[in-house]
Amino acid sequence: MKSVTLKQLGELLNAQVKGDENIEIFSVSTLELAQSGQLTFLANSKYRNQLEQTQASAVLLSEKDAESYQGNALVLRDPYVGFARVAQLLDTTPREADGIHPSAHIDPSAQLGEGVAIGANVVIGANVILGENVQIGAGTVIGQDTIIGSGTRLWANVTVYHDVHMGQDCLVHSGTVIGSDGFGYANERGQWVKIPQTGGVRIGDRVEIGAGATIDRGALAHTEIHDGVILDNQVQIAHNDIIGANTCIAGCTVVAGSVTIGKHCIIGGNCAISGHLSICDGVHISGSTNITNNVKEPGLLSSATVAMDNRTWRKNTVRFRQLDELFQRVKKIEKTMKTED
């Protein structure tokens with residue numbers, strides 16, 4: 001089992017060590033559940049009452065919280081970021097694959113970098129290039145002319161179509177489809193005429209894509225996911241979307257085609273973003289929000305209504321339908337009042 005001393009963690013995190021610097025840490029846990037040999041953290045004040053009762057060997061704390069804590073601690077500016085880095089160091093997640101499984105089908109024209117690992121029943125198409133230390137989980141299919149950068153990992157049963165370029169150190173979870181056709185059709189007297197989707201997908205470095213996500217290929221130009229983007233499970237990115245660097249999109253959000261989303265945006269779960277829009281850098285969108293217009297200034301946007309009992313909701317729905325009528329009545333009254341003045 002991997003272990004690290006508190007002193008070593010302090011050096012890694014550039015944190016002040018408080019207490020026994022030689023104590024060994026084997027894993028991480030929550031304040032409530034942590035036991036001896038584990039490291040925990042306090043990042044949310046509502047859990048402060050659990051601090052004195054924790055059984056953890058050490059706690060990641062801000063300078064303010066460390067003042068009143070008597071146990072072993074690592075003191076740093078952002079305990080949650082510190083927790084994430086320690087969790088990475090002590091991660092016990094198994095590799096997606098080891099070596100090259102004999103059942104894998106690899107086209108002779110494919111180029112495999114040093115240290116590539118390919119699981120059972122993987123299919124690698126023609127002219128595929130896999131960088132060094134790429135890991136491909138069982139049952140994954142990679143289409144022709146696709147390039148996957150060094151250190152990138154794909155879990156089991158991922159489907160990557162043709163002409164997809166993915167950068168270094170990305171992570172793609174099971175069931176995700178990258179490069180499927182965008183939803184492009186013309187209508188001829190009631191009959192749908194398919195438009196071939198001849199663009200590709202271009203994904204930057206350090207991108208993480210959750211399970212069951214779908215990223216459509218471009219119609220003519222490419223769909224683009226820039227460096228550091230994180231996409232949650234079951235996110236839909238449509239054709240020709242451009243997602244700016246370090247943007248986060250939570251689960252079940254749908255982005256329609258030809259949308260440009262800026263850098264450092266945070267988009268909550270179950271949002272719907274209409275097509276052909278532009279969202280500037282630094283926008284935060286709360287869950288279940290519908291975006292139907294361009295967003296030109298950073299800030300927090302919301303549109304979903306809060307939950308209420310069904311009877312109240314039904315009444316409010318009726319009143320919502322009456323808003324235009326009410327508006328017209330008020331407008332008429334104001335006009336009458338101005339005339340009388």
Side-chain angles (χ1 to χ4, degrees), residues 1-96 133 135 151-153 168-171 173 205-208 210 227-233 245-251 263-269 281-282 284 286-287 298-300:
M1 181 183 295
K2 184 187 299 185
S3 70
V4 62
T5 67
L6 209 58
K7 179 181 179 181
Q8 291 170 323
L9 290 178
E11 294 171 351
L12 172 70
L13 302 175
N14 193 26
Q16 175 191 347
V17 178
K18 180 180 177 181
D20 184 1
E21 65 179 15
N22 295 316
I23 197 165
E24 287 192 303
I25 301 298
F26 295 89
S27 61
V28 294
S29 187
T30 64
L31 278 165
E32 183 179 14
L33 300 178
Q35 300 296 316
S36 178
Q38 292 186 307
L39 178 76
T40 189
F41 68 100
L42 175 62
N44 189 324
S45 60
K46 74 178 184 178
Y47 297 112
R48 189 174 286 115
N49 62 337
Q50 298 178 5
L51 180 59
E52 293 303 325
Q53 284 74 42
T54 187
Q55 300 300 305
S57 290
V59 185
L60 291 157
L61 295 171
S62 67
E63 186 173 341
K64 180 179 178 181
D65 288 323
E67 291 176 358
S68 58
Y69 184 63
Q70 302 304 311
N72 300 316
L74 290 172
V75 184
L76 68 170
R77 185 181 63 84
D78 192 331
Y80 194 53
V81 171
F83 165 76
R85 298 200 182 284
V86 175
Q88 288 180 356
L89 179 67
L90 299 175
D91 187 11
T92 58
T93 303
R95 288 168 55 87
E96 288 77 358
N133 301 312
Q135 298 176 40
T152 288
R153 299 176 290 147
Q168 299 182 13
D169 299 316
C170 296
L171 177 62
H173 288 278
D205 298 335
R206 305 179 311 283
V207 171
E208 180 162 345
D227 294 350
V229 168
I230 52 175
L231 305 179
D232 196 3
N233 299 340
N246 300 306
T247 281
C248 166
I249 303 180
K263 302 175 183 177
H264 305 290
C265 294
I266 298 176
I267 300 173
D281 298 346
H284 291 196
S286 60
L300 176 62

State the [atom1]-[atom2] distance between [X] and [Y], to the nearest 0.5 angstrom.
X    : Y    : atom1 : atom2 : value
I249 : D232 : CD1   : CG    : 10.0 Å
D227 : C170 : CG    : SG    : 8.5 Å
Q35  : L33  : CD    : CG    : 8.0 Å
F41  : T30  : CZ    : OG1   : 8.0 Å
R206 : D169 : CZ    : CG    : 8.0 Å
S29  : Q55  : OG    : CD    : 11.5 Å

What residues form a side-chain hydrogen bond (donor to acceptor under 3.5 Å, both in side chains) with [X], not counting sequence neighbours?
X    : value
S36  : none
Q8   : T5
R153 : E96
Q38  : S27

Nearest heavy atoms of [X] and [Y], plus distance in Å:
X    : Y    : result
G282 : C265 : N-SG, 3.7 Å
A250 : G268 : CB-C, 3.6 Å
Q53  : N49  : OE1-O, 2.6 Å

**Message:** Taking the side chain as everything from C-beta on, heavy atoms only, tell me whether L90 gets closer than 4.5 Å to L39.
**Reply:**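 A side-chain contact is absent here, since even the closest heavy-atom pair is not under 4.5 Å.
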
side-chain contact (heavy atoms from CB on, under 4.5 Å) against [X], all qualifying residues, sequence neighbours excluded:
X    : value
Q168 : S150, D205
T92  : none
I230 : E208, C248
H284 : I266, L300

What pairs of donor and acceptor atoms, side-chain ones from residues 72-86 against any protein atom, are under 3.5 angstrom apart with sequence neighbours left out?
unit_1, atom_1, unit_2, atom_2, d
N72, OD1, D20, N, 2.9
N72, ND2, S57, O, 3.1
D78, OD1, Y80, N, 3.1
D78, OD1, V81, N, 3.3

**Prompt:** Are more than 12 heavy atoms from other residues, nucleotides or ligands located less than 6.0 Å from atom OH of Y69?
**Reply:**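 Yes, OH of Y69 has more than 12 neighbouring heavy atoms, counting only those of other groups under 6.0 Å.
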
**Residues, nucleotides or ligands: over 12 heavy atoms within 6.0 Å of N44 CG** =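 More than 12 within 6.0 Å, yes.
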
**Asked** Checking side-chain contact (heavy atoms from CB on, under 4.5 Å) against L60, which of T40, L42, L13 comes through?
**Response**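 Considering T40, L42, L13, a side-chain contact (heavy atoms from CB on, under 4.5 Å) with L60 is found only for L13.
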
**Request:** Can you sort out the partners of D65 under salt bridge (Lys or Arg N to Asp or Glu O under 4.0 Å), two or more places apart, ordered by chain and number?
**Result:**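 For D65 the salt bridge (Lys or Arg N to Asp or Glu O under 4.0 Å) partners, ignoring immediate neighbours, are R48.
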
